[in-house]
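Naming convention: chains lettered A, B, ... in sequence-line order (proteins, then strands); numbering from 1 in each chain. Heavy atoms only: backbone and side chains are in, while hydrogens, waters and symmetry mates are out.
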2 protein chains.
Amino acid sequence: MNGPSLPTRSRVTISEVAEAAGVSKATVSRYIGGDRQLLADATALRIEQAIERLGYRPNQMARGLKRGRTRLIGMIVADILNPYSVAVMHGVETACRQHGYTLVVCNTDRSTEQESQHLAALRSYNVEGLIVNTLGHHAGELLSLHSELPMVLVDRKVEALQADLVGLDNRDAVQQALDHLQQRGYRDLLLVSEPLDGTSSRQERVAAFEAGIARSPLLQGRVLQTDGAFRESLRDFLVASGPGPKALFAANGMAALSATRQLREFGYRLFEEIGLIALDDLDWYPLVGSGITALAQPTERIGVTAFECLLDRLRGARGPARHFDFKAQLIVRGSTHPRG
Amino acid sequence: MNGPSLPTRSRVTISEVAEAAGVSKATVSRYIGGDRQLLADATALRIEQAIERLGYRPNQMARGLKRGRTRLIGMIVADILNPYSVAVMHGVETACRQHGYTLVVCNTDRSTEQESQHLAALRSYNVEGLIVNTLGHHAGELLSLHSELPMVLVDRKVEALQADLVGLDNRDAVQQALDHLQQRGYRDLLLVSEPLDGTSSRQERVAAFEAGIARSPLLQGRVLQTDGAFRESLRDFLVASGPGPKALFAANGMAALSATRQLREFGYRLFEEIGLIALDDLDWYPLVGSGITALAQPTERIGVTAFECLLDRLRGARGPARHFDFKAQLIVRGSTHPRG
DNA sequence: AGCTTTACTGAAACCGGTTTCAAGCAATGA
DNA sequence: TCATTGCTTGAAACCGGTTTCAGTAAAGCT
């Protein structure tokens with residue numbers, strides 16, 4: 001009787017299978033490598049039975065060593081607690097599985113140091129390609145990695161890096177939001193964003209917001225980050241007199257959470273006194289107040305596209321960096337019905 | 001000028017470093033293996049410089065092959081879209097990093113077939129240990145894997161498997177919920193659970209609920225799963241006459257989401273007409289209606305504990321399977337204040 | 001029948017490391 | 001002075017596969 005957690009029999013190797021089947025390692029290797037048509041039927045059958053009998057599974061590490069193909073894809077995620085990341089990752093994983101790849105996900109918790117560490121780790125495990133949701137600092141490391149293996153950026157571009165990019169059409173999304181808010185009668189807007197931090201998508205949203213405001217004579221707008229004096233600045237916005245009804249525009253799901261929390265803490269009735277539109281569509285949006293109007297990102301497709309793009313490169317596709325910018329989809333709920 | 005995605009220079013190997021430093025592979029291996037004190041200072045210095053100059057990083061796959069230590073931990077997650085899973089995973093990852101392990105996460109999307117596939121994949125990558133949030137079907141595979149490497153179950157036990165388990169003290173959590181509901185004056189309860197499916201934690205919660213109800217003369221209770229005729233059955237419960245004020249008890253975060261959605265669809269004002277308490281504490285609970293009362297699981301600690309438990313086994317700890325049952329923490333919000 | 005293909009298989013080198021074993025050499029002890 | 005010891009190091013085997021190359025046997029061709 002084995003005690004639990006007692007790794008007993010060490011794994012069956014190709015040599016044991018070879019011996020059991022009365023053939024050489026090479027022949028077994030050909031069998032598991034898919035060159036089955038090279039083998040005589042009788043031989044293949046003997047090997048098949050030996051494998052079955054012994055419960056043999058080839059060691060991918062060893063295969064990868066000589067072959068250079070580990071069938072491993074690495075993914076760097078800046079913040080695994082952000083539902084956007086999880087949703088994209090889900091898409092990537094689905095695509096990976098369909099193509100026989102295994103995904104190794106590393107979360108950096110928004111730490112530059114951990115990003116470095118994880119990149120090094122993934123490299124050392126010989127991943128064939130990388131899908132990166134990076135902080136964007138220290139482009140040097142990414143650059144040198146990109147000279148070694150294909151890489152696809154998700155959501156965040158890196159100036160110095162000529163890599164494929166999959167993300168949202170931020171300009172379009174922000175414009176959709178502004179159009180919607182304006183049409184619903186809101187005039188005094190506040191864009192709430194997580195700290196910009198050099199994160200390209202956040203910066204793009206802010207830039208598009210400011211540009212949009214500048215183009216719209218009816219609208220007034222400010223930008224606020226969810227750190228430092230967030231609470232006080234938000235209060236300032238809420239009590240200041242402006243050109244008309246006020247609305248918040250949360251630049252992503254996390255910002256929506258912070259903003260809504262803060263509104264509640266201030267005692268606002270959601271969303272009778274102030275409008276809200278949020279980028280990302282989280283599953284609890286419908287449940288808050290009269291429901292939060294959202295600009296949904298096609299997260300699953302973003303993930304799948306990122307992988308397919310990578311696969312393309314893995315198969316040898318050359319050429320300049322490609323950009324896939326998906327459109328956001330407006331989902332109207334109660335939070336953008338003035339005086340609820 | 002390299003085009004993008006052009007994997008150029010193949011990686012530097014130990015032999016090149018050895019040559020550059022004028023020593024043998026073995027010596028370099030000792031250097032990177034941490035046996036630095038074995039080497040003469042001058043030698044170590046030359047190697048260090050060669051490594052630096054060439055940008056050498058050892059290939060973990062190759063190391064793992066001979067050494068048997070891949071420094072890889074595999075984790076199977078039943079549903080990555082469930083925030084509970086993500087939170088636990090975050091804990092596991094943190095612990096992994098601190099101990100120099102890399103985590104490979106596989107999501108089964110609640111599919112038995114995918115679970116098999118991923119288990120096989122993880123095995124083939126020579127992960128040193130497994131953290132498993134399993135569906136619990138086909139125990140055979142898990143069993144045979146467990147004879148090869150250490151394994152820790154998370155949240156869900158498997159009868160036939162004598163493995164360490166980390167999870168919640170479900171009986172205690174349910175009792176806390178019942179006590180709280182009863183104290184707040186609720187009398188007619190409905191436990192809302194995702195489909196039982198053989199998932200041990202769900203079954204335990206249901207069993208504890210039924211046992212608790214049976215012990216409490218004041219309370220009446222039923223159980224409902226969020227599939228099939230969920231909508232209709234919920235309506236039945238809501239309109240039926242019972243022994244007193246009604247409350248829902250969501251057995252986890254996903255159930256809380258379904259239940260709240262359905263209540264809204266029915267036009268209930270949250271939570272003036274009906275109480276709600278939910279297992280798991282998701283970040284949006286405070287935002288819904290008057291806030292959802294929760295029983296928080298220490299998810300981060302569960303993850304960390306799972307890893308540490310595994311590490312223990314990796315270091316050779318023997319002995320019977322251990323169970324770590326954490327207590328849930330009651331967080332009272334508006335959803336359990338009768339008549340709002 | 002003799003020669004060329006074709007089909008199938010095995011020996012050995014190799015992937016990038018680790019580890020064992022023994023050897024070289026200086027320092028120590030008797 | 002000679003044997004012993006300890007410190008460094010390299011050669012070679014090994015991990016579990018893949019791949020090249022060559023060899024054997026059967027089949028096809030003239």
Contact class for [X] vs. all strands (heavy atom < 4.0 Å): base, sugar-phosphate, or nothing?
X     : answer
A/A26 : base
A/V28 : nothing
A/Q37 : sugar-phosphate

[N] OP1/OP2 closer than 4.0 Å to side-chain N/O of [X]:
X     : N      : answer
B/Y56 : C/dG17 : yes
B/T13 : C/dG16 : no
B/T27 : D/dG10 : yes

| Want to settle it: does B/R67 or A/L39 sit nearer the 5' end of DNA chain C, counting the closest nucleotide to each? |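 First, find each residue's nearest nucleotide; the 5'-ward one identifies A/L39.
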| said: Does this structure show an ion pair linking B/E128 with B/R71, if we count only N-O contacts that are shorter than 4.0 Å? | reply: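 No, no charged N to carboxylate O under 4.0 Å.
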| said: I'd like to know if A/D197 and A/R110 make a salt bridge, using a cut-off of under 4.0 Å between side-chain N and carboxylate O. | reply: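 Salt bridge absent between A/D197 and A/R110.
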| Does NZ or CZ of B/R36 fall inside the cone over B/Y31's six-membered ring, less than 6.0 Å from its centre and within 45° of the axis? |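 Judged by the rule, B/R36 and B/Y31 form a cation-pi pair.
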| query | Would you say the side chain of B/R30 and the base of D/dG10 hold a donor-acceptor pair, judged only by whether the two atoms sit under 3.5 Å apart? | reply |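 Check passes, donor-acceptor contact within cut-off.
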| said: Could you check whether the side chain of A/K25 and the base of D/dG17 have a donor-acceptor pair of N or O atoms closer than 3.5 Å, going by distance alone? | reply: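 Answer yes: a donor N or O sits under 3.5 Å from an acceptor.
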| field | Residue B/T43, side-chain heavy atoms: nucleotide from D/dT9, C/dC8, D/dG17 that is nearest | value |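 In terms of side-chain proximity for B/T43, the closest of D/dT9, C/dC8, D/dG17 is D/dT9.
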